[in-house]
Amino acid sequence: MKNETKKTRYITEEELSVQRGYTEQIAAWNAVHREETGISRKYYIQTFGCQQNEADSERLAGMAAEMGYESAETPADADLILINTCAVREHAEERALSITGQFKHLKEKNPDLVIGICGCMVSQETRKERIKKSYPYVSVLFGTSMLYRLPEILYTYLNGKKRLFYLDAGDAGNIAEGVPVRRGDKKQAWVSIMYGCNNFCSYCIVPYVRGRERSRTPEAILDEIRCLIAEGYREFTLLGQNVNSYGRDLTGGMDFPDLLAAVCALDRDFRVHFMTSHPKDATEKLMDVMAANPKAAKHFHLPLQSGSDRVLAAMNRRYTVSHYLGILDDMRKKMPDITVTTDIIVGFPGETEEEFAETLAAVERARYDQIFTFIYSPRTGTPAAEMEQLPEEVKQNRMARLLETQNRIMLEKNRACIGKTYSILVEGQSRGDKTMYAGRTEGGKLVHFPADEGLTLTGKVVNVKITDAETYNLWGEVLGE
Ligand code: 5AD
Ligand code: SF4
């Protein structure tokens, strides 16, 4: 394959065929069970965390399906339960462990049930030990770089019935192409373009649990998207912890804007989103490619994290607030209607009241369409966890004030949409009201509109004129396709 580098370990065809061998053996075992009992064995996957984890779970589902498992509606119906965990915040870890605890009684009822935990949380030694000791009904544990080896792990467990604990075994830098995928959504598809992170922001656990940055080759990415287009997908999200550094580890010289342009040049009408961008690497070239390509969604997710230069430096973010705001100004000059979203952490160690006020001021100035807010959560092994922590009440209070500020801005911005027309990709009937349909603008704003019953608009793009607005929702009427 072209463009590969020596640093990244690409899982070879031989290694994948070993996995296919295990897959066939488990599929045969499941087929016998189906014939004898008339019932198929089933899998259930519980996913926590980011879109990368969603994408990983789709590969777990793909492998489970090839091994002859059907998808279970509920965990109680499953013979194989996989919990794909997130380690970014303590809360996500606690939720994963609490769900695991709820599966204990299922294992008591059905001793043949296999419970596996994978994802970012288990790549931490301390978590591994805790699960080993306190969750004896968990059968297998495997880190993110072991994901493609699920058939082997399952086969080994089923044949030995001994608990297995596989972490990354020094293999955190691999890329496995050709793993089967079973996508959860029929309209929009996640496409990982790279894995890992090199940035080591001082609060973040990701570089420790997902390894160093490594890019898939452009050939592999474009082939995947071509296949998805042929299957009927019309919405893609290119995924990476920092997509702006895509290609730096490849030899072909392709960077992220080149890749985005190459994706947009593929045949047919579709929309392509991407996330996440790091402000230190967002370039003018990227903006030009976005502006020039109608297929590039006019949506930019650019995490600010803090509005204080001192806090940003302590976070090891390597940009200043004014550099960041300059990027937004340039983006909006080139694409006036662009939707901008961000991530913000409140209560980083040592954040003063004045520094938090600078974050509020930056939010006022940036006028985001949406923000994702996080209370700082100390992660063992990261530098910020060693710093002096703020009291919980201070963090909670700042969070509430940040949300209040952003809600006001969103309502003002949504009200300014009234009277304008947007092209909406229809997602289906509105949740609460079946006489209404709901869809999203290119920038991800949720729009509800009445439609005749039986109208099969789902998956189509329609023009909707906005007639009413609230903080999180817009309402409108269809003008036509
Ligand atoms: N505490 C709180 N938020 C965090 N994030 C990452 N690590 C932490 C942490 N330790 C947030 C960042 C990142 C988003 C995905 O999660 O804002 O952009
Ligand atoms: Fe974590 Fe920073 Fe990497 Fe994002 S860029 S995954 S916040 S270390």
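Both ligands and their constituent atoms are indexed starting at 1 by order of listing. Residues: numbered from 1 along the sequence shown.
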Just by distance, do the side chain of [X] and the backbone of [Y] share a donor-acceptor pair under 3.5 Å?
X	Y	answer
K104	Y137	no
K295	L266	yes
K133	I131	no
D281	S245	no
E129	T126	no

Determine whether L425 and R440 make a side-chain contact, defined as any pair of heavy atoms from C-beta on separated by less than 4.5 Å.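 A side-chain contact under 4.5 Å is absent here.
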Tell me, do R271 and R234 make a side-chain contact under 4.5 Å, heavy atoms counted? no
Heavy-atom nearest neighbour in the protein, as seen from [atom], with distance rounded to 0.1 Å:
atom	answer
atom 10 (N) of ligand 1	S377 O, 2.8 Å
atom 15 (C) of ligand 1	D343 OD2, 3.8 Å
atom 4 (Fe) of ligand 2	Q241 O, 4.3 Å
atom 7 (N) of ligand 1	Y203 CD1, 3.3 Å
atom 3 (Fe) of ligand 2	C197 SG, 2.2 Å
atom 8 (S) of ligand 2	C201 N, 3.4 Å
atom 5 (S) of ligand 2	N199 ND2, 3.4 Å
atom 2 (C) of ligand 1	I375 O, 3.4 Å
atom 5 (N) of ligand 1	V88 CG1, 3.6 Å

Which one of F356, F374, Y376 satisfies the ring-ring contact (aromatic ring centres under 6.0 Å, His included) criterion with F348?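 Between F348 and the candidates, ring-ring contact (aromatic ring centres under 6.0 Å, His included) is satisfied uniquely by Y376.
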Among the heavy atoms of R317, does any lie under 4.0 Å from an atom of ligand 2? yes
Under 6.0 Å between ring centres: does that hold for Y208 and F200?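 Between Y208 and F200, the centre distance is under 6.0 Å.
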For ligand 1, note which part of F374 has a heavy atom under 4.0 Å away: side chain, backbone, both or neither. side chain
Determine whether the side chain, the backbone, both or neither of P207 has a heavy atom under 4.0 Å from any heavy atom of ligand 2. side chain
Below 4.0 Å, non-hydrogen atoms only: which portion of V206 touches ligand 2? Side chain, backbone, both or neither.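 Contact part for V206 vs ligand 2: side chain (C-beta onward).
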Metal check, atom 2 (Fe) of ligand 2 vs C204 N/O/S, cut-off below 2.8 Å: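 False for C204.
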Identify, by atom number and element, the atoms of ligand 1 in contact range of [X], meaning under 4.0 Å from any of its heavy atoms.
X	answer
R379	10 (N)
Q305	12 (C), 13 (C), 17 (O), 18 (O)
R89	1 (N), 2 (C), 3 (N), 4 (C), 5 (N), 11 (C), 16 (O)

Within ligand 2, which atoms have a heavy atom of F200 less than 4.0 Å away? 8 (S)
Check each atom of ligand 2 against the heavy atoms of Y203 and keep those under 4.0 Å away; list them by number with element.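 Selected atoms, number and element: 7 (S).
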May I ask you to check whether over 12 heavy atoms, not counting those of H91, lie within 6.0 Å of atom NE2? no
Can you find an N/O atom of Y376 closer than 3.5 Å to an N/O atom of ligand 1?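 Such a contact does not occur with ligand 1.
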Over-ring placement of K132 relative to F165, 6.0 Å and 45° cut-offs: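 Positive - K132 is close enough to the ring of F165 and near enough to its axis.
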Closer than 4.0 angstrom, basic N to acidic O: yes or no for R379 and E90? yes
